[in-house]
There are 2 protein chains.
Amino acid sequence: MLDDLDRTIIGILVEDARISLKDLANQVGLSSPSTAERLRRLEERKVIRSFTVDVDPVALGYNLTAVVRVRPLPGMLHIVEKLIQETPEITECDKVTGDDCFIGKLQFRTMEQLDMILDRLAERAETNTSIVKSSPVRRRLPPLS
Amino acid sequence: MLDDLDRTIIGILVEDARISLKDLANQVGLSSPSTAERLRRLEERKVIRSFTVDVDPVALGYNLTAVVRVRPLPGMLHIVEKLIQETPEITECDKVTGDDCFIGKLQFRTMEQLDMILDRLAERAETNTSIVKSSPVRRRLPPLS
DNA sequence: ATAGTCCTGTCCAGATCGTCAAGCATGGTG
DNA sequence: CACCATGCTTGACGATCTGGACAGGACTAT
């Protein structure tokens, strides 16, 4: 399904998605056309979902991050899910097993803003909020093996 | 600090980091050299931390994801932090305020593997694990305004 | 065995792109 | 008013990408 060359390509692109095809080809030991073809197929197969940039939220003015656990009140699950999706400051959210139904990450600028966002949720769910103090593990890939 | 053109550039690159400089320049309404210069400075200022790819973990064989909350036993905080960093299946982890000290995301293939990883942590911390069922909000940027 | 086919690779050439230098417009400042 | 700094454009050249033609190896059916 995914051979060593594909894994090498992915490994390189995770570090630098804007590398030229030529340099990428040199590093994997193929010609550029074949590398281009592999790239095309990795995209086609949705192994690579997208090429993107990692932007520092602080540079956008979001100095604070919180992890919010959300447990909708009875009957409120779908409304709460929609509410979460429509809150743009929630930059990722998973639906999980266990007491909490959703766990999401929230980017914000001030405590007032956090308060406002949580207030909107509080009408329809119990929430539990933890402020992020640091990130011992910054987003990375699991082993490619 | 960051003007409209910069935000436009970021917005476009988040969607497609491999867009050619020329196309990017056309979309923002500048010449390629000025666009290249802005790009260079966005990187230099670390607004853009890196260009990367979004890889589907399932394509790498990681069919399952869990969110793990970790509360180290007394005196174990630093050891636990190190242990988390050295567990490659933990693909992100934040240190947070509140009862839990760490909240991390774990990619794994089988329940046996999950069990093994959690067992290692369990010697030094209480853990609380939620399996991810779906992701109502896939990683996105907060508003650029 | 061998012929056919598919897959994945290479090489080459025309088309496209990135980068550099030079020069112009704008706005702030002595 | 002159000067400088900043940020833009243009044009040219070298580098890169892309599509087509072709080669070799693995698999299959005759």
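Just so we're on the same page: letters track the sequence lines, and every chain starts at 1. Only heavy atoms go into these numbers, but all of them, side chains included; no hydrogens, no water, no symmetry mates.
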Can you name the atoms? Protein N/O to nucleotides 22-28 of chain C N/O, anything below 3.5 Å, with the distance.
none

Do any of residues 36-48 of chain B sit with a heavy atom less than 4.0 Å from DNA chain C, and if so which? none
Check [X] against [Y] and note the closest heavy-atom contact, atom names and distance.
X: B:R49; Y: A:V55; value: NH1-O, 4.0 Å
X: B:T87; Y: A:R140; value: O-NH2, 2.8 Å
X: B:R69; Y: B:I103; value: CG-CG1, 4.0 Å

Looking at B:E37 and B:R40, does any basic side-chain N land under 4.0 Å from a carboxylate oxygen? yes
Less than 4.0 Å between a side-chain N and a carboxylate O, is that true for A:K105 and B:E92? yes
Proximity to DNA chain D (any heavy atom under 4.0 Å), residues of residues 6-21 of chain A only: A:S20, A:L21
[Y] and [X], any side-chain heavy atoms less than 4.5 Å apart:
X: A:D6; Y: A:V47; result: no
X: A:E43; Y: B:V53; result: no
X: B:V137; Y: A:T91; result: no
X: B:Q113; Y: B:L64; result: no

Strictly distance-based, threshold 3.5 Å: is any side-chain N or O of A:D100 a donor or acceptor partner for the main-chain N or O of A:F102? no
Checking the side chain of A:Y62 only, and the main-chain atoms of B:P143 only, is there a donor and an acceptor separated by less than 3.5 Å? yes
Around atom NZ of B:K46, are there more than 12 heavy atoms from other residues, nucleotides or ligands closer than 6.0 Å? no
Under a 4.0 Å heavy-atom criterion, DNA chain D is touched by chain B from D:dG7 to D:dT10
Residue closer to the 5' end of DNA chain C, B:D23 versus A:D3 (nearest nucleotide): A:D3
Between the protein and nucleotides 12-15 of chain C, which nitrogen or oxygen pairs come in under 3.5 angstrom?
none

Any chance you could pull the hydrophobic cluster mates of B:V58, using side-chain heavy atoms under 4.5 angstrom and chaining through other members? none
dist A:D4:CG -> A:I9:CD1 (nearest 0.5 Å) comes out at 11.0 Å
Presence of A:S34 side-chain N/O under 4.0 Å of C:dG9 phosphate oxygens OP1/OP2: no
Reference residue A:K82; test side chain to side chain donor-acceptor pair (under 3.5 Å); the match among A:E86, A:Q85, A:H78: A:E86
For atom NZ of B:K22 and atom P of C:dG18, their distance in whole Å: 9 Å
